[in-house]
Amino acid sequence: MQQRKTNVMAVTIAIYVATFMSAIEGTIVSTALPTIVGDLHGVALMNWVFSIYLLTNAMMTPIYGKLTDLVGRKPVMQAGLLIFIIGSMMSGLSDSMPTLIFWRAIQGIGAGALMPVSMTIIADIYSFERRAKVLGFNSSAWGIASVLAPLIGGLIVDKLSWHWIFFINVPVGLITLILFQVYLREPKRHNDVKVDYLGSFWLMLFLLCLMLSFQLLGNTTISWPAVIGAWIISALSLWLFIRRESRTPEPVISLKLFKNHTFVIQNAVAALISGFLMGVEVYIPTWTQGILGVPASLAGFAVTPSSLMWIIGSFVTGRLLAKWAPRRIIYLSLAFIAVTGICLAVIPVSTAFAWFFLITAVGGVGFGIVITATTVTSQHLVSPKTVGVATSFNTLSRTIGQTLMISVFGIALNVGMNQGIQGHPGTNMAMMNKLINPQTATELPAKLLPTLRGILYTGLHWVYLIGLGLILLAVLVNSLDRGPQLTAAQHAEQLHRDEHDDATD
């Protein structure tokens, strides 16, 4: 009996829903977090509700990538969704902060499969020419989530309870699970599955300690012995991981990937620009609330144009990938992003709210091009047997860039504000905390507001100067790609010829 083919439309919808769940998760939880903390009395552990989810998500991403190549996309996606659903349900049932943090860790383990496996499935079911357009459509989930998440989160907290922030994932996740089960068809893989457990352990320990050190650096009071200890363990784990991967026949991440300079450069640029993206998405709302006094319900919309124009950038990338070499595409994307970076680094404190729509819209085109281009190019620079690993490594690179830079930006903002406070007697950090929230800013003396806004502006100025440095570093890294300037498709053809020649020899 002939095997049924994949229903491309149904699977694309399932991928879109999975992406939307991943996109909305962080924002909707942040909306409900003040209520959760008040109910569970856990303000001291508040950051870990996000941190642990991010840590376990990043740790599992490369493992899922390897498993997709070994056992198939469908079982790995289903396993990830099932773990995510269980973690979501139990998070909603939590009655204490430690319990919530534990189940958020489980939720993160499941979520680690959603993005990389989704993008790998897109690579399987769509041709190279259509893939960038589909990735652009899929990216629209982030734009829609950025608009809907605060509204949905506020509505759920007000009308139901914070528990439903997590419960809502259960029916949506189950529907997605069923869509993949019924409509995704892939050939059975007859290879003898061998998972490198020791290599996986060293990789997860490396990522855990590295990401944990970034989280510790973002704390108000930095425990340097803990940070240095985490770095030492991380470096040792990385060495043991590389040593293991060079000897095992089934490495978690093949070291051969790093012999391709274009692959390394594409992922390095993706990490740097993803780091700058955090400066845009996290600190522009802080600017609009703290300096301009815009209500929290409207402040988030300042970055919405970025998410929407991201889609345009992705569609443009579809045409560019067939004609231009990866280095040239990255230069174009960095030109758009540089406009945003320069504007944010030099605009005055009195800049009107409307200008942020234009600034983030220009950057959104660049983000759409660079993220889509690096993803598709990374997939085309490797053999079909390792597409899952390459895709998950691209996702991991972006996650590490975001986590590192959110900590660095936090330190820069705090240092800038502390210097400003020292230079203006009568001000303190408690006042700055009130200033950032428009609801509590009215409690501050009116005569101090210009001074406090100037202090916040100075701190944000340092954030965006560092962000501009990231863009310049990305330009420098991209310029190192001095090999044959082939399109992604030409790279894939050359790789195929090389593999054929090796097999013939």
Check: Ile109 main-chain N/O paired with Tyr64 side-chain donor or acceptor under 3.5 Å: yes
Any donor-acceptor pair under 3.5 Å from Ser22 side chain to Ala18 backbone: no
Heavy-atom pair of closest approach, residues Ala390 and Phe263: CB-CE1, 3.9 Å
Donor-acceptor contact below 3.5 Å, side chain Ser234 vs main chain Trp231: no
Residue pair Thr12 / Tyr126, side-chain donor-acceptor N/O under 3.5 Å: yes
Spacing of Met119 atom CE and Thr19 atom OG1 [to the nearest 0.5 Å]: 8.0 Å
Atom pair CG/CG of Leu205 and Leu236 - distance to nearest 0.5 Å: 8.5 Å
Residue Phe167 excluded, over 12 heavy atoms near CZ under 6.0 Å: yes
Candidates Thr395, Thr391, Asn394, Asn267 - the one meeting side chain to side chain donor-acceptor pair (under 3.5 Å) with Thr375: Asn394
Ring geometry between Phe367 and Phe276 (parallel below 30°, tilted from 30 to 60°, perpendicular above 60°): tilted
Note, Ile15 side chain near Ile121 side chain (heavy atom, < 4.5 Å): yes
Arg244 versus Leu198, closest heavy-atom pair with distance: NE-CB, 4.0 Å
Phe336 ring center within less than 6.0 Å of Tyr331 ring center: no
Whether Arg398 side chain and Ser274 backbone form a donor-acceptor pair below 3.5 Å: no
More than 12 heavy atoms of other groups within 6.0 Å of Leu238 CG: yes
Donor-acceptor under 3.5 Å (Thr340 side chain, Gly363 main chain): yes
Validation row: Leu114, Met77 side chains within 4.5 angstrom (heavy atoms): yes
Side chain proximity check, Ile369 to Ser314, heavy atoms < 4.5 angstrom: no
Pair Thr99, Ser96: side-chain N/O donor-acceptor within cut-off below 3.5 Å: yes
Short side-chain to backbone donor-acceptor contact, Lys5 and Arg185, under 3.5 Å: no
